[in-house]
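Notes follow once the structure below has been shown.
Throughout, a chain's letter reflects where its sequence line sits, starting with A, and its residues are numbered from 1. The figures that follow rest on heavy atoms only: side chains count, while hydrogens, waters and symmetry mates do not. Not measured: the values here are computed from a predicted model.
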Amino acid sequence: MSEMNEFDEDVPEIVKRFMYVNRRAPYGTIYALECLEVVLIAAAFDQDVSVVFLDDGVCQLKKNQDTTGIGMKNFSKTYGALDDYDVEKIYVEKESLDARGLTAGDLVIPVEVMAADELREVMAQQDVIISS
Amino acid sequence: MKFAVLINEGPFTHQASDSAYRFTAAALAKGHEIYRVFFYNDGVYNSNRLSEPQTDDRNLVSLWSRLGRDHDIDLVVCVAAALRRGIKDEVLENGFRISGLGQLVEAGIQADRLIVFGD
């Protein structure tokens, strides 16, 4: 964005903090897939986007998913596109990983593992939170 | 205040649409502005004019349509979610329009608050 000065009549663009919170398993319901679709569209807007995975939502990022037995599309590779879309703030709740015997190394993309307390603070700083 | 509303569940199975409807009507009654109501996930079913609940039950599709008409509210149905579920212009109730997810993000940017109603 160009520098604003007193002669600049352009309306400054609004940049808000958008956080997308994934709390559910990748399959069984459509929420995970349709949330990912929102995030990929949202990335086209010049907003401050972050994506959070907690509770069963951490399983969305699990490596080596195989959906052949349930006849659904394995969309886990699409999370790799987040980086291409410049979505770099990807947070995973530590407690949710621990409870499921997972570590960051089990996930398909690099993430920032965050304790619930810390995550709560980051959530409190957001302008818009879309949870599913 | 300027509100945007996101509805992620269809009518009847979940209360989300009922709650969102009541919230929206109450906000308008208090003089607030509704920038947009966006229907996503199964929420797109709230726009299906073929919906025909029993006559002694509320009809959320017509309730939304009427509220939209009376208050000139932008009722937007997500195209990707709608196509998946067979919601097209042919079955769209009056007052709704089908558009992209960008309309949801834009509503989040423009409104003071985005209120999410889901399961």
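Only the side chain of Leu33(A) comes within contact range of chain B, with at least one heavy atom under 4.5 Å from a heavy atom of that chain. For chain B, no part of Thr29(A) is nearby; none of its heavy atoms comes within less than 4.5 Å. For Gln103(B), no part lies near chain A; criterion is any non-hydrogen pair under 4.5 Å. Contacts of Val38(A) with chain B are made by both backbone and side-chain atoms, with heavy-atom separations under 4.5 Å. Interface remark: Ala4(B) contributes no atoms to any contact with chain A (heavy atom separation under 4.5 Å). Of the two parts of Arg84(B), only the side chain, counted from C-beta on, holds a non-hydrogen atom closer than 4.5 Å to a non-hydrogen atom of chain A. For chain A, the nearby part of Leu6(B) is the side chain; its heavy atoms alone come within less than 4.5 Å. Contacts between Arg24(A) and chain B at a heavy-atom distance below 4.5 Å involve the side chain alone, from C-beta outward.
Tyr31(A) places no side-chain N or O within 3.5 Å of a backbone atom of Asn41(B) that could act as its donor or acceptor partner.
Side-chain heavy atoms closer than 4.5 Å link hydrophobic residues (I, L, V, M, F, W, Y) into clusters, and following such links, possibly through other members, connects Leu107(A) to Ile90(A). Hydrophobic clustering places Tyr45(B) together with Ile7(B) (ILVMFWY residues linked when any side-chain heavy atoms are closer than 4.5 Å, directly or through intermediates). A continuous path of hydrophobic side-chain contacts links Val51(A) to Val116(B) [ILVMFWY only; heavy atoms under 4.5 Å]. Using a 4.5 Å cut-off between side-chain heavy atoms of Ile, Leu, Val, Met, Phe, Trp and Tyr, with links allowed through other members, Ile41(A) and Tyr79(A) fall into the same hydrophobic cluster. Cluster annotation: Leu114(B) and Val44(B) are assigned to distinct hydrophobic clusters (Ile/Leu/Val/Met/Phe/Trp/Tyr, side-chain heavy-atom contacts under 4.5 Å, transitive).
Counting only heavy atoms from C-beta outward, the side chains of Asn8(B) and Glu34(A) never approach each other to under 4.5 Å. Contact check for Asp127(A) versus Arg113(B): no side-chain heavy atoms found under the 4.5 Å cut-off.
For Lys2(B), the NZ atom sits in a packed shell: over 12 heavy atoms of surrounding residues, nucleotides or ligands are nearer than 6.0 Å. The local environment of CD in Gln15(B) is sparse, with at most 12 non-hydrogen atoms from other residues, nucleotides or ligands closer than 6.0 Å. Around atom CZ of Arg22(B), no more than 12 heavy atoms belonging to other residues, nucleotides or ligands sit under 6.0 Å away. Heavy atoms of other residues, nucleotides or ligands lying less than 6.0 angstrom from CD of Gln125(A) number more than 12.
The pair Glu106(B)-Lys16(A) fails the salt-bridge criterion, with no side-chain N (NZ, NE, NH1 or NH2) lying under 4.0 Å from an Asp/Glu carboxylate O.
Across every non-hydrogen atom of Val105(B) and Phe18(A), the tightest pair is O-CZ, 3.6 Å.
Interatomic distance, CG of Leu104(B) versus CZ of Phe45(A), reported as 9.0 Å (0.5 Å rounding). Atom CD of Gln47(A) and atom CD1 of Ile109(B) lie 3.5 Å apart (nearest 0.5 Å). Note that the CD1 atom of Ile30(A) and the OH atom of Tyr40(B) stand 7.5 Å from one another [nearest 0.5 Å].
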